[in-house]
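Just below is one structure, and these are the notes that go with it.
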Amino acid sequence: MKASGDQIAYEHTRYLVEECGERIAGSPEMDKAISYVKEVFDSIGMEKITASFNVPRCITKKSRIAAQIGDEWVEIDHTNICFSKDTPEDGITAQAVYIPCEKYSMGLIGEIYPLKEEQLGEKVKDRIVILGRNILMDYPDIDTYKLLEKYHALAVIFTTSEEQKGIPYVYANYETSKETYMIPSFVIHDKDARKLAAMDQIKLHLELETEILECESQNVIGVLQGTDWKNEIVMVSGHLDSAVSSKGAVDDAGAIGTVLALAKQYKELWDAGIKPRRTMYFVCWSGHEPGLHGSKYFIQNNPDIYRRLRFNLNYDIIGIPTPIGATYSGIKEHEKWIRESVEKQGYDWGIFSGPVPCDTMNITSREVPSITLSASGVDFCHTPNDAMDKIKKEGFREVLGFSKSFLDLLDQQDEIPQKYEKEIKEQVQIYAHRYKWDF
């Protein structure tokens, strides 16, 4: 009996999670995952492109947060932010101040928490600043660091959301890690931050020592040549690497399982003579977690491919059977196509507009339209909790059904407008500045 698409996606995901494990770009485990993807493309007879690039890897040698409670120093569960600045060898001991941040939403998984200058001033000078904000939704943040430098903060501790299970690892921009505004940075859970905020005085001791390795990794892309408009490219993508401490089942092995399942489906149609009019790229990015390096360097080093891109269907947080949200950057015509495909499948999806802080950011400077599909209610990414027990076959069914319907509808269009709505353009510019991922 022929395996179903959801079964194929599940099995690819299982291999990446259970056989490869924590897939940090530049690690042997990631190299094993890359080899697996190459073998999958070879097994279905699909042409492939591989692209090597340098990627930084952060090794934590020492990390500590302790709070003085009475006469005792109590350890606080935390993670350190990769590529932030180390503390002096004997650490930092200082008073801390808690500053809550208001949320501004952009799309399903786009949120920013702009730090306001009036919140700072003398009260943060020579202190450790605890910022109440959802670290996974809004980081890195160059403007916040510049403000903290202006008012002479010693270090910064970001927080999770209230619902977060575990404390995630996140990454500062490697490209700005040596800037004067970078300071030692950590993450604690929202519940611990609120306990500290309730104290009359918060005195903390921080220690951080890291080592940065320059490693090499690869993107792997399966290619199906188009017919009528073979010089135009439609890209289907996800990221193969995981964050520190996590096997990255939902974020983002499930996305790669989906990409590989679709690659097989479209290759079988291609072999039967049913070929797409545009060339299709089935993309497995590496180096996503430390700063979107794989997609960034590939686009920068292949301007001809970038000029040929017409659409990007991206997956980030896939495989858990919760409602799916589709966030697009484009115009109302693109949204109409999305709604038509969702309604055709009979799904109850949320459809949002705006940029998403993922690999689609690296195609926005030319206003290439994109969709990112993400499962909702996921509160364990970038932690050890993102494991295979979260993945279910039914978590792939709607994603695969929509993807086939939408990609086929896209293929019917004689032209795909390369344009964004004004509001989306403005939001993209905010992200591009904050994340330094524009070029």
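FYI, side chains are in, hydrogens and waters are out, and symmetry mates aren't considered; it's all heavy atoms of this structure. Remember, predicted model here, so these are calculated numbers, not experimental data. Residue numbers run from 1 in the order of the sequence given.
Using a 3.5 Å distance cut-off with no hydrogens or angles, the side chains of T60 and N80 do pair a donor with an acceptor. Between the side chains of T144 and Y139, not a single donor N or O lies within less than 3.5 Å of an accepting N or O. Side-chain atoms of N312 and S237 form a donor-acceptor pair, as typed in the model, at a separation below 3.5 Å. H189 and D77 share no donor-acceptor pair across their side chains, judged by distance under 3.5 Å alone. Counting only N and O atoms by type, the side chains of D86 and T210 include a donor and acceptor under 3.5 Å apart. Side-chain N/O atoms of E289 and Y171 include no donor and acceptor closer than 3.5 Å. Inspection of the Y315 and S403 side chains reveals an N or O donor paired with an N or O acceptor under 3.5 Å. In summary, the side chains of D408 and Y266 do present a donor paired with an acceptor at a separation below 3.5 Å, with no hydrogens or angles considered.
When all heavy atoms of M235 and W285 are compared, the pair lying nearest together is SD-CZ2, 3.8 Å. For A255 against G238, the heavy-atom pair with the smallest separation is CB-CA, 4.1 Å. Across every non-hydrogen atom of I391 and A249, the tightest pair is CD1-O, 3.6 Å. Counting all heavy atoms, side chain and backbone alike, P140 lies closest to N173 at CG-ND2, 3.3 Å. Shown here for S376 and T322, the closest heavy-atom pair between the two residues is O-OG1, 2.7 Å. When every heavy atom of D386 is checked against every heavy atom of V250, the shortest pair comes out as OD1-N, 2.8 Å.
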Can I8 and K264 be said to form a side-chain contact (heavy atoms from CB on, under 4.5 Å), step by step?
-> CA-CA 9 Å; I8 292 169; K264 178 177 172 60; 3.7 Å; yes
R308 and E232: CA distance, side-chain angles, deciding distance, side-chain contact (heavy atoms from CB on, under 4.5 Å) verdict | CA-CA 5 Å; R308 295 166 57 200; E232 296 186 3; 5.8 Å; no
Just do the salt bridge (Lys or Arg N to Asp or Glu O under 4.0 Å) check on E11 and R14 with the steps written out, would you?
-> CA-CA 5 Å; E11 290 301 330; R14 186 204 62 77; 3.3 Å; yes
Do L115 and L120 pass the side-chain contact (heavy atoms from CB on, under 4.5 Å) test, and can you show the C-alpha distance, the side-chain angles, and the key distance before you say yes or no?
-> CA-CA 9 Å; L115 185 62; L120 303 177; 3.9 Å; yes
side-chain contact (heavy atoms from CB on, under 4.5 Å) between Q225 and E47: does it pass, once the steps are laid out?
-> CA-CA 9 Å; Q225 296 294 341; E47 176 188 345; 3.4 Å; yes
R57/E211 under salt bridge (Lys or Arg N to Asp or Glu O under 4.0 Å): CA gap, chis, key distance, verdict = CA-CA 8 Å; R57 183 178 178 187; E211 180 183 4; over 6 Å; no
Quick one: side chains of residues 97-106, donor-acceptor pairs under 3.5 Å with protein atoms, not counting sequence neighbours, listed by atom name and distance.
none

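Counting heavy atoms from C-beta on, the side chains of I69 and M199 come closer than 4.5 Å. Taking the side chain as every heavy atom from C-beta outward, L224 and F282 approach each other to under 4.5 Å. Taking the side chain as every heavy atom from C-beta outward, D141 and R133 approach each other to under 4.5 Å. Under the 4.5 Å side-chain criterion, counting only non-hydrogen atoms from C-beta, D143 is not in contact with P114. By the 4.5 Å heavy-atom criterion applied to side chains, I299 and R366 are not counted as neighbours. Inter-residue side-chain proximity for I167 and T383 is flagged as unmet; no heavy-atom pair is nearer than 4.5 Å. For the pair P56/H293, a side-chain contact is recorded, criterion being any heavy-atom separation below 4.5 Å from C-beta on. Residues Y145 and I183 are in side-chain contact: their nearest non-hydrogen atoms beyond the backbone lie under 4.5 Å apart.
Heavy-atom contacts from other residues, nucleotides or ligands closer than 6.0 Å to CD of E214 number more than 12. A 6.0 Å sphere centred on NZ of K267 holds more than 12 heavy atoms belonging to other residues, nucleotides or ligands. Within 6.0 Å of atom CG in D389, more than 12 heavy atoms from other residues, nucleotides or ligands are found, so the atom counts as buried in its surroundings. With a 6.0 Å radius and a threshold of 12 heavy atoms from other residues, nucleotides or ligands, K404 has its NZ atom above the threshold.
Proximity of a side-chain donor or acceptor of Y420 to a complementary backbone N or O of V428 within less than 3.5 Å is not detected. In this structure, the side chain of T79 engages the main chain of P168 through a donor-acceptor pair within 3.5 Å. Looking only at distances, a side-chain donor or acceptor of K32 sits under 3.5 Å from a matching main-chain atom of E19. A donor-acceptor pair is defined here as one N or O able to donate and one able to accept, closer than 3.5 Å; no such pair exists between the side chain of S246 and the backbone of A243. At distances below 3.5 Å, at least one donor-acceptor pair connects side-chain atoms of N219 with backbone N or O atoms of S286. Between the side chain of H382 and the backbone N or O of Y169, at least one donor-acceptor pair lies under 3.5 Å. Remark: the backbone N or O of P276 is not paired with any side-chain donor or acceptor of W270 at under 3.5 angstrom. Of the possible polar contacts, none joining the N134 side chain to the T160 backbone as a donor-acceptor pair under 3.5 Å is found. Without hydrogens or angle criteria, K390 side chain to N385 main chain gives a donor-acceptor distance under 3.5 Å. A distance-only check finds a donor-acceptor pair linking the side chain of Q119 to the backbone of K116 [under 3.5 Å].
Using bins of under 30°, 30° to 60° and over 60° for the plane-to-plane angle, the ring pair Y36/Y15 lands in the parallel bin. Relative orientation of the W349 and F402 rings is tilted, given thresholds of 30° and 60° on the angle between their planes.
Salt-bridge check for D379 with K165: passed, with a basic side-chain N closer than 4.0 Å to an acidic carboxylate O.
Under the salt bridge (charged side-chain N to carboxylate O under 4.0 Å, His left out) criterion, E207 pairs with K62, R64, sequence neighbours left out.
The distance from atom NZ of K191 to atom OG1 of T159, rounded to the nearest 0.5 Å, is 12.0 Å. L206 contributes atom CG, which lies 9.0 Å from atom CG of L154 (distance to the nearest 0.5 angstrom). The CE atom of M280 sits 7.5 Å away from the CG atom of D411 when rounded to the nearest 0.5 Å. Distance NE2/H78 to CD1/I157: 8.5 Å, rounded to 0.5 Å. Taking OG of S374 as the reference point, atom CZ of F352 lies at 10.0 Å (rounded to 0.5 Å). The CG atom of D359 sits 12.0 Å away from the NZ atom of K296 when rounded to the nearest 0.5 Å.
Side-chain rings of F406 and F311 approach one another, their centers coming within less than 6.0 Å.
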